[in-house]
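Presented below is the structure to which this report refers.
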Amino acid sequence: MPASFVSDDAPNLRRRDFLLSVGAAGAAGILGLSAEPLYAAEKTASKARIVIVGAGAAGLSTASRLLQRLDGAEITLIDSRAEHYYQPGFTLVAAGIKSKDYVISRTSDYLPKGASLISSSVAEFDPDAKAVVTDKGQRVSYDYLIVATGLSLEYGLIDGMDTSMIGRNGMGSIYHSPEAAAATWQALTGFMEQGGTGLFLRPATEMKCAGAPLKYAFITDDRLRRNGTRDKARLIYKAQNQTLFSVPIVSEKVRMLFLDRGIDVHYDRVLISIDLGKRVATFQTPEGMETESYDFINVVPPMHAPKSVKESPLSWKTGQWATEGWVEVDKATLRHPRYPEVFAVGDVAGVSKGKTAASVKWQVPVIVDHLLADIRGKTSDAIYNGYTSCPLITRLGRAMLVEFDYDNNLVPSFPGIIAPLEELWATWVIKTMGLKPTYLSMLRGRA
Amino acid sequence: MKDMELSAFFFLFQEMLGGWFWPLFLFAVIVSVAFVVQSFRNRNWMWQASARVKAIGVSGGVLFVILITLASSSGFTDAGGPIDFWLITVLFGFGYITTTTVAYTVCGLLNKEQCNGK
């Protein structure tokens with residue numbers, strides 16, 4: 001591939017840039033800067049029809065970057081939700097650090113000039129005809145398709161679960177919505193006073209931000225200590241398998257921290273039903289069913305691809321992700337193997353890592369580079385290496401900046417400076433002050 | 001730091017400061033120009049500023065650290081590793097230099113004899 005087609009914003013060059021710009025919140029002025037414009041690349045003239053299904057973090061970022069690089073292309077986003085959620089902030093809302101307004105804005109605030117938005121959801125993917133059909137019956141044809149739908153929270157797979165009860169009778173669930181995150185905080189404040197048994201868990205499916213359930217266990221522990229009621233509570237983390245985190249070295253670190261904080265761990269426990277009235281949760285274990293009474297529980301539902309994706313020709317039909325329905329893609333290029341004009345990005349992509357905003361940051365330049373190369377009749381060698389990061393809060397005021405790739409390698413951006421397995425205030429400052437501005441810059445294609 | 005572009009910083013701080021960005025940017029430009037004018041007019045430099053101006057600068061450094069702890073819903077007692085203490089030092093330094101610059105400039109414009117330490 002000609003060197004000129006390797007984008008300046010190839011992800012392997014930009015990971016440090018991302019975190020440096022986050023860190024700039026607290027350490028501006030100590031970094032070397034160049035005055036080179038962020039997007040100096042010339043625009044490519046094209047009449048391509050590019051449809052992006054989903055106007056969340058992945059969809060908006062992709063649209064912004066494409067519009068910076070294409071002249072004349074017709075870029076259409078399809079999404080029925082008018083609100084945009086800053087999902088990395090949900091945990092802070094549920095921790096009582098931020099109000100729910102902190103995470104809510106409007107999709108239209110970030111819609112790049114030149115892109116159009118169809119306010120519908122996609123009911124059907126027809127990749128053989130290169131078209132999608134909305135729930136209102138509108139058929140939209142494309143030359144290139146970006147699937148960025150996000151995922152579906154499958155609360156219905158937990159028998160007895162009722163999302164309208166979130167925040168009541170000791171049941172919280174952060175992932176559901178900003179309102180649910182705030183309601184979870186209300187439930188936690190009651191638990192902080194009364195104590196009892198607190199249950200924390202994660203589903204056996206793939207999930208977005210797999211560190212979040214761990215964070216909330218740590219936050220609960222810290223809230224109880226600050227409230228002087230830690231001795232009134234027993235905290236139990238129900239791991240879905242034999243690990244606490246997919247990266248072994250991080251799992252071991254979390255195990256030690258849980259031991260230090262007095263948080264019990266029960267392995268191989270998957271929540272399958274809940275009695276919200278009696279406050280009893282039932283877990284599937286290798287030995288059979290196990291019930292556990294609780295006074296507080298943070299329910300994390302199974303997560304699947306949206307139904308329209310799962311039932312489309314685009315999803316995995318065999319292998320570990322067939323049941324959950326994620327889009328089948330090459331893990332390096334995020335391109336569909338049978339429909340080369342189709343890419344998937346963000347939570348819906350069927351890859352083993354990458355259901356975080358940080359992943360989106362590194363995935364989007366890859367698919368944009370490949371799409372541009374296609375338009376130009378060239379090829380791209382940009383790859384996504386599975387990079388993702390998780391500011392893993394271990395108490396209020398401290399977090400570990402965990403960054404890793406497909407192979408579970410730790411890939412710290414600042415080796416020797418910000419240690420990935422060290423609980424640091426600097427990481428907390430990045431999480432609370434720097435992450436959201438960087439995320440918003442990403443939506444606008446500026447970071 | 002080859003790939004660290006100035007524009008990325010610009011946009012980041014624009015998102016971070018929101019509606020405060022441009023007023024603060026304008027304020028910074030005005031103070032910078034006034035500072036240079038003041039320095040040349042007095043034939044004096046900031047490190048020769050009076051103890052009073054330096055004391056204001058120390059207060060500014062402390063206040064900036066407190067401001068960051070408030071904005072991040074934490075406290076500097078949360079510091080857990082060497083980078084945290086460096087960060088506190090850098091924050092203090094930024095607050096100190098910024099506040100001293102403003103104080104030196106404003107004070108000098110009002111009364112140069114008391115402010116430049118002569």
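For clarity, every value in this text was computed on a predicted model and none was experimentally measured. Every chain is numbered from 1, with letters handed out A, B, ... down the list of sequences.
Residues A/T432 and B/S73 fail the side-chain proximity criterion, which asks for heavy atoms closer than 4.5 Å.
For A/Y110, the ring pair (Phe, Tyr, Trp, His ring centres under 6.0 Å) partners are A/H84, not counting sequence neighbours. Every residue two or more places apart in sequence or in another chain that forms a side-chain hydrogen bond (donor to acceptor under 3.5 Å, both in side chains) with A/E83 is listed here: A/Y85.
If you measure heavy-atom distances from A/L440 to chain B, the contacts under 4.5 Å come from both the backbone and the side chain. In this structure, chain B has a heavy atom under 4.5 Å from the side chain of A/K98, while its backbone stays farther away. Only the side chain of A/E422 comes within less than 4.5 Å of a heavy atom of chain B; its backbone N, CA, C and O stay farther away.
Here the straight-line distance linking atom OG of B/S72 with atom CD1 of A/I97 works out to 9.5 Å at 0.5 Å rounding. Separation of atoms OG (A/S441) and CZ (B/F10) is listed at 11.0 Å; rounding is to 0.5 Å.
Comparing B/D78, B/L17, B/T77 by how many heavy-atom pairs each has under 4.5 Å with chain A, the most go to B/D78.
Residue A/I249 places its CD1 atom among 12 or fewer non-hydrogen atoms of other residues, nucleotides or ligands, all under 6.0 Å distant. For B/F21, the CZ atom is densely surrounded, since the number of other residues' heavy atoms within 6.0 Å is greater than 12. The local environment of CH2 in B/W20 is sparse, with at most 12 non-hydrogen atoms from other residues, nucleotides or ligands closer than 6.0 Å.
Exactly one residue among A/R446, A/M442, A/R444 makes a side-chain contact (heavy atoms from CB on, under 4.5 Å) with B/F11. That residue is A/R446.
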Walk me through it: do A/W425 and B/L87 pass the test side chain to side chain contact (heavy atoms under 4.5 Å, CB included)? CA-CA 9 Å; A/W425 178 59; B/L87 179 57; 3.8 Å; yes
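Taking a cutoff of 4.0 Å between a charged side-chain nitrogen and a carboxylate oxygen, A/R398 and B/D84 do not qualify as a salt bridge.
For the pair B/S74 and A/G397, the tightest heavy-atom approach, listed with the atom from each and the gap, is CB-CA, 4.0 Å.
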